[in-house]
Amino acid sequence: MPVLTPMPSRRSFLALTGSAALAACAPRPEETPDDPVSRYGFAPVEGYEAMEDNGYHLPPVPPQYLAWPNRRQLVFYEGSRAPGDIEIDPYAKFLYYVMSDGTAWRYPIAVGRAGLALRGRTTIRQKKEWPGWTPTKNMLRTQPEVYGPFARGVPGGIASPLGARALYLYRGGKDSYFRIHGTNDLSSIGNSGSAGCIRLFNHDIIDLASRVSIPTEVYVRSEEESLRILGPEMSPRGVELPPKIVSPETIYGATEVAVEDPGV
């Protein structure tokens, strides 16, 4: 489960419209183009611009969260997985989608404590758009002050901790309750969380999910593999972040609708 952080409403991102000319004889003012700098206060990074998805408005990711290597990149692939597979490096905080030409799309990730427990091979057998989320019994038992207000679940949408997409990992034909998913906590990417699975910027999970077919094999690198492939300069990377406690009133009715996905 990712940390719970409120997202601004769609309404807060509407551009201000210009006022009409007051005098009837005044020339019609020239329309100004939509300026993202004026709207958001910064120039969006390519690939992380504002986007509309299934009726939801995603604002651009602020550049401070995208400092290298925290952005989606096409890189030479140095692992041993087959094209179409996913390889996760929980130590260097990267996820690789392997291409057929010796390259891979590399996505920065956040890894929760539960995500660090993910080992070996799993298989993506389901993917959902804007999924809802319910804390697991273990979360409610170990950190009731954090997850108790959300015990009945958070419906899918901007407020959901699973973000814009979720890829469901199975092992031996059974749901492992591990997920690869989006997040509403931008500062977690590139770091470790006190809880949660494998999470990406919403822009990145939308891109990744569009590439993933069902089924897709997922492999998790060991610490030794991470160090051998990337070296100590890149592995390990990031810090462990404390849990964030957010009032359910700020999560768009988070306690009003029960959902059925108890993913971590």
Side-chain angles (χ1 to χ4, degrees), residues 1-3 54 77 79-100 104-142 147 150 153-157 160-184 188-189 192-202 204-223 225-226 258-264:
M1 196 277 331
V3 292
N54 287 355
Y77 176 60
S80 57
R81 302 301 113 191
D85 286 357
I86 286 174
E87 183 166 20
I88 296 171
D89 189 327
Y91 304 96
K93 311 299 187 299
F94 293 125
L95 180 150
Y96 299 84
Y97 180 80
V98 183
M99 307 290 283
S100 60
W105 281 103
R106 188 181 75 183
Y107 304 85
I109 62 174
V111 182
R113 186 175 299 153
L116 287 174
L118 185 61
R119 294 284 186 272
R121 294 177 174 82
T122 57
T123 304
I124 297 171
R125 296 198 178 278
Q126 187 178 182
K127 58 181 179 178
K128 292 183 180 180
E129 298 184 357
W130 295 100
W133 166 83
T134 299
T136 64
K137 292 180 180 179
N138 184 59
M139 291 175 179
L140 293 171
R141 182 177 63 254
T142 58
Y147 304 117
F150 306 96
V154 181
S160 173
L162 291 185
R165 303 286 188 276
L167 309 177
Y168 295 73
L169 303 180
Y170 285 68
R171 181 175 280 132
K174 296 182 178 180
D175 189 354
S176 70
Y177 294 103
F178 287 106
R179 310 283 185 254
I180 300 170
H181 59 85
T183 185
N184 51 28
S188 70
I189 300 300
S192 298
S194 63
C197 288
I198 307 300
R199 52 191 186 267
L200 294 74
F201 291 122
N202 278 323
D204 282 345
I205 192 64
I206 290 172
D207 182 87
L208 174 63
S210 71
R211 302 177 190 276
V212 166
S213 58
I214 302 296
T216 288
E217 297 301 310
V218 177
Y219 177 79
V220 181
R221 282 180 184 171
S222 67
E223 186 174 7
E225 289 172 317
S226 179
V259 292
E260 299 180 354
D261 176 21
V264 294

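All residue numbers refer to positions in the sequence shown, counting from 1.
Of all non-hydrogen atoms in I205 and A164, the two that sit nearest each other are CG2-CB, 4.3 Å. Summarising the geometry of L140 relative to P135, their closest heavy-atom pair is CD2-CG, 3.9 Å, with the distance given to 0.1 Å. Across all non-hydrogen atoms, the minimal contact from R199 to I189 is O-CD1, 3.5 Å. The shortest non-hydrogen separation linking V212 to I124 is CG1-CD1, 4.1 Å. Shown here for R165 and W130, the closest heavy-atom pair between the two residues is NH1-NE1, 3.7 Å. Closest heavy-atom contact between L167 and A209: CD2-CB, 4.2 Å.
In this structure, S176 contributes its side chain and L169 its backbone to a donor-acceptor pair below 3.5 Å. In this structure, D89 contributes its side chain and S226 its backbone to no donor-acceptor pair below 3.5 Å. For the pair S160 (side chain) and V154 (backbone), a donor-acceptor distance under 3.5 Å is absent.
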#### Entry: Candidate pair Y91 and R221, rule side chain to side chain contact (heavy atoms under 4.5 Å, CB included), full reasoning
CA-CA 8 Å; Y91 304 96; R221 282 180 184 171; 5.6 Å; no
### Task
Evaluate the side chain to side chain contact (heavy atoms under 4.5 Å, CB included) criterion for residues R179 and Y177: first the C-alpha distance (whole Å), next the side-chain angles of each, then the deciding distance (0.1 Å), finally the verdict.
CA-CA 6 Å; R179 310 283 185 254; Y177 294 103; 3.8 Å; yes
### Task
Could you give me the CA-CA distance, side-chain angles and deciding distance for I86 and L208, then say whether side chain to side chain contact (heavy atoms under 4.5 Å, CB included) is met?
CA-CA 10 Å; I86 286 174; L208 174 63; 4.1 Å; yes
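The OG1 atom of T183 sits 9.5 Å away from atom CG of L200, with the distance rounded to the nearest 0.5 Å. Between the NZ atom of K93 and the CZ atom of R106 there is a distance of 13.5 Å, given to the nearest 0.5 Å. Atom-to-atom distance recorded for I88:CD1 and C197:SG is 9.5 Å, nearest 0.5 angstrom. Y107 contributes atom OH, which lies 11.0 Å from atom CD1 of I180 (distance to the nearest 0.5 angstrom). Taking OG1 from T142 and OH from Y147, the interatomic distance works out to 7.0 Å, rounded to the nearest 0.5 Å. With values rounded to the nearest 0.5 angstrom, Y170 atom OH is found 4.5 Å from Q126 atom CD.
The shortest side-chain heavy-atom distance between Y168 and K128 falls under the 4.5 Å cut-off. Looking only at side-chain heavy atoms (C-beta outward), H181 and P131 stay at 4.5 Å or farther from each other.
Aromatic ring pairs are classed by plane angle as parallel below 30°, tilted from 30° to 60° and perpendicular above 60°; the pair F150 and W133 is tilted.
Heavy atoms from other residues, nucleotides or ligands lying under 6.0 Å from CZ of R121 number 12 at most.
No side-chain donor from either of Y97 and D207 sits under 3.5 Å from a side-chain acceptor of the other.
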